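The next block holds one structure in the form of structure tokens; read it before the comments.
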Amino acid sequence: MRYVLALSTLLSVFWLINSGHYTPLMLFFMVVSVVFVAMLCRRLDVVDGESQPLNLTFSIPGYWLWLIKEVVVSNIAVAANVWGGAETISPRLIKVTAHQKTDLGKVIFANSITLTPGTVSVDLEGDQITVHALTRDSAAGLQTGEMDRRVCLVER
Amino acid sequence: MYELTALILLVVMGLALVRAFLGPTLYDRILAVNNFGTKTVLLIAILGFLGGRPDFLDIAIVYALINFISIIAVLRFFEYSSKRPMDEES
Amino acid sequence: MEVLFDIISWVCLVSGSFFCLTGGIGLLRFPDFFTRIHAASLTDTLGASLILVGLMFQAGWGLVFAKLLLILMFSLLAGTTASHAMAKASLKSGLKPLESDDAEKDGVPEGERPSQQ
């Protein structure tokens with residue numbers, strides 16, 4: 001029930017942002033469509049802790065701040081590589097172990113890897129993530145395991 | 001200032017088109033088209049501000065959605081239809 | 001206050017354009033597909049974010065701000081998902097990424113190459 005409420009709130013906010021008309025008729029349409037979509041999602045059995053990760057609500061903003069800092073730093077590094085030309089890059093495939101317990105945590109970890117320029121997660125099998133790294137430094141930065149540790153902290 | 005950003009975005013879209021023409025593999029072309037699409041979203045948003053009509057943002061949202069879905073659809077299509085996507089490269 | 005917001009938004013727009021341009025050039029300059037993904041993600045993350053944040057400073061609080069935020073969050077999520085899907089599909093189809101260890105295929109000179117791996 002918690003998840004249905006969260007989904008309905010999310011859908012209502014989405015509607016209110018995109019509509020811009022707040023007449024009673026439009027709000028009635030909003031209620032109708034939100035209830036319809038929520039029922040549809042319940043029938044599809046996609047309303048659970050994985051699509052509405054409510055338990056992450058308080059732990060994830062801090063991680064986002066750290067991730068933004070990481071993204072900015074690695075953006076500047078990759079931009080330097082672009083202007084420096086092909087001599088400055090040393091692409092490689094590496095394996096990283098994800099220590100998260102849930103699938104959601106692993107997905108957050110893999111998505112953070114991809115969001116950071118210089119590293120792209122190519123494959124996820126079990127707890128092994130195959131990562132394509134642009135330079136030795138970006139690979140080494142990932143292999144220190146700091147991102148892994150921080151995602152583990154978010155998860156609990 | 002908007003003009004400068006719009007101009008640079010157009011140049012970047014041109015570069016992405018060059019990469020889409022050059023290839024050499026199928027995936028390079030898909031990547032270039034994806035990049036072209038994300039730049040189009042930004043360009044539509046900038047154009048809305050340039051003309052003083054931020055309503056254009058609705059179109060930008062729709063374009064972002066269509067771009068994402070189409071990239072996934074094209075990837076799915078080639079994943080299942082072609083067992084030899086590499087023969088383009090040789 | 002208005003002037004300050006203008007200056008911040010201009011700085012964001014110009015640096016965002018710079019990152020977009022860098023990504024576009026990287027898309028042409030980098031030697032193979034997997035390295036080009038990194039260049040594309042450069043424009044997807046900081047390039048797009050900075051331009052949209054710059055527009056947010058111009059828009060002020062309101063519906064336009066919320067829509068820009070929506071585009072920003074969606075483009076970040078969709079960009080990562082799309083680049084992961086492309087990388088996975090290309091590796092599954094047998095496209096081999098360049099590795100800096102083999103000398104002929106890569107432009108990395110002898111001294112630059114790492115000894116490990």
Side-chain angles (χ1 to χ4, degrees), chain B residues 1-2 4-9 11-20 22-32 34-39 41-46 48-49 54-58 60-61 63-65 67-72 74-76 78-79 82-86 89, chain C residues 6 9-10 12-14 16-30 32-34 36-37 39-44 47-48 50-52 54-55 58-59 62-68 70-71 74-75 77-79 81-83 85-96:
Chain B
M1 197 49 59
Y2 296 141
L4 176 73
T5 313
L7 201 66
I8 288 178
L9 282 177
V11 170
V12 175
M13 286 161 80
L15 291 175
L17 273 190
V18 171
R19 176 46 74 195
L22 287 179
T25 64
L26 177 71
Y27 294 104
D28 283 299
R29 296 177 212 272
I30 298 177
L31 179 67
N34 181 29
N35 208 20
F36 188 85
T38 53
K39 293 296 97 59
V41 174
L42 292 179
L43 186 67
I44 293 172
I46 292 275
F49 275 79
D55 315 335
F56 272 47
L57 286 176
D58 296 334
I61 293 174
Y63 202 94
L65 290 165
N67 183 43
F68 176 62
I69 302 286
S70 63
I71 291 298
I72 297 295
V74 167
L75 279 174
R76 280 279 156 197
F78 283 110
E79 199 176 353
S82 159
K83 289 288 164 207
R84 297 175 291 115
M86 289 294 292
E89 195 186 25
Chain C
D6 269 0
S9 101
W10 285 353
C12 283
L13 283 176
V14 168
S17 323
F18 169 74
F19 275 109
C20 279
L21 192 63
T22 309
I25 288 168
L27 206 61
L28 285 184
R29 278 186 85 173
F30 277 166
D32 83 321
F33 170 70
F34 286 91
R36 280 177 207 135
I37 293 181
S41 84
L42 195 70
T43 66
D44 272 353
L50 279 175
I51 287 181
L52 289 174
L55 290 181
Q58 289 287 326
L63 217 55
V64 176
F65 183 91
K67 279 181 189 170
L68 284 169
L70 210 65
I71 297 179
F74 182 78
S75 71
L77 278 175
T81 314
S83 42
M86 279 187 283
K88 185 169 183 175
S90 58
L91 196 77
K92 290 273 147 119
S93 78
L95 194 66
K96 289 274 176 292

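Note on naming: letters A, B, ... go to the chains in the order of the sequence lines (proteins, then strands), and numbering restarts at 1 for each one. For clarity, every value in this text was computed on a predicted model and none was experimentally measured.
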Chain B heavy atoms under 4.5 Å from [X]: which part of the residue, side chain, backbone, both or neither?
X: C:Ile37; value: both
X: C:Leu70; value: side chain
X: C:Ala59; value: both

Looking at every heavy atom in both [X] and [Y], which two are closest together, and how far apart are they?
X: B:Val12; Y: C:Gly24; answer: CG1-CA, 4.2 Å
X: B:Ile30; Y: C:Met86; answer: CG2-SD, 3.9 Å
X: B:Leu42; Y: C:Cys20; answer: CD1-SG, 4.3 Å
X: C:Ala82; Y: B:Phe68; answer: N-CE1, 4.2 Å
X: C:Ala89; Y: B:Leu75; answer: CB-CD2, 4.1 Å

Note to self: Tell me which of these, C:Val14, C:Leu28, C:Ile25, C:Leu21, has more heavy-atom pairs under 4.5 Å with chain B than the rest.
What the structure shows: C:Leu28

Next item on the list: Among C:Phe18, C:Phe33, C:Trp10, single out the residue with the greatest number of heavy-atom pairs under 4.5 Å to chain B.
Entry: C:Phe33

Notebook entry, point to check: Where on B:Ile46 is there a heavy atom nearer than 4.5 Å to chain C: the side chain, the backbone, both, or neither?
Noted result: both

Notebook entry, point to check: So which part of B:Thr5 gets closer than 4.5 Å to some heavy atom of chain C, the side chain, the backbone, both or neither?
Noted result: both

Next item on the list: For C:Phe19, check ring pair (Phe, Tyr, Trp, His ring centres under 6.0 Å) against everything at least two apart and list the hits.
Entry: none

Notebook entry, point to check: Quick one: OG on C:Ser17 to CG on B:Leu7, what's the gap to the nearest 0.5 Å?
Noted result: 10.0 Å

Notebook entry, point to check: CG/C:Leu91 to OH/B:Tyr27 distance, rounded to the nearest 0.5 angstrom?
Noted result: 10.0 Å

In the structure I gave you, are the side-chain heavy atoms of [X] and [Y] within less than 4.5 Å of one another anywhere?
X: C:Leu13; Y: B:Leu4; value: no
X: B:Leu31; Y: C:Leu27; value: yes
X: C:Asp44; Y: B:Asn35; value: yes
X: B:Leu57; Y: C:Val64; value: yes
X: B:Val41; Y: C:Phe74; value: no

Next item on the list: Could you tell me which residues satisfy side-chain hydrogen bond (donor to acceptor under 3.5 Å, both in side chains) with C:Ser75, sequence neighbours excluded, listed by chain and number?
Entry: none

Notebook entry, point to check: Most heavy-atom pairs under 4.5 angstrom with chain C, which of B:Ile71, B:Asp28, B:Ile8, B:Ile72?
Noted result: B:Asp28

